[in-house]
Each structure stands twice: as C-alpha cells, then as structure tokens.
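Accompanying notes for the structure given below.
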Amino acid sequence: MRALVVAAIERELRRREWQQGLAHRPVTDLGIDAATLLAEARAEREAELG
C-alpha cells in the first residue's frame, strides 16, 4: 500500500512540474488553434506517464 501511495505522489509531482514548465514557455504563434496544440501536448504527456 505504501508503494502505491509513493508512486501516486511521485506521479502528481511530475505532473505539476510539467504544468509549471508549460506555463513558463514563451508564446508561439504557429497558426494553429491553441486548443489543438494543448490537446497534442496533453496526449504526449499522457503517453509519457503511461
């Protein structure tokens, strides 16, 4: 049970670090809808976390 809790906390910390990094990225205009870019970034992150 302890290992499960530790794994969940570590996963949450990685998610928060990723979100903070995303929040500090410079603004980029690629001519693509922001929602599309965000959906792609979220899909990539979910694939990384498994």
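Treat the numbers as computed from the prediction; the structure is a model and nothing was measured.
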query: Same cluster or not: are V5 and L13 linked, directly or through other Ile, Leu, Val, Met, Phe, Trp or Tyr residues, by side-chain heavy atoms under 4.5 angstrom apart?
result: yes
task: Applying side chain to side chain contact (heavy atoms under 4.5 Å, CB included), name anything that partners E12, two or more places apart in sequence or on another chain.
output: R15, R16
- prompt: At what distance, to the nearest 0.5 angstrom, does CD1 of I32 lie from CG of L38?
  reply: 13.0 Å
- line: One should read off an interatomic distance between E44 CD and E46 CD, to the nearest 0.5 angstrom, of 11.5 Å
- prompt: Can you name the nearest heavy-atom pair linking R45 to R14, along with the distance?
  reply: NH2-O, 3.1 Å
- prompt: Q19 and L22: side chain to side chain contact (heavy atoms under 4.5 Å, CB included), yes or no, with the steps?
  reply: CA-CA 5 Å; Q19 286 180 329; L22 185 62; 5.5 Å; no
Residues which pass salt bridge (Lys or Arg N to Asp or Glu O under 4.0 Å) with R11, listed by chain and number, not counting sequence neighbours: none
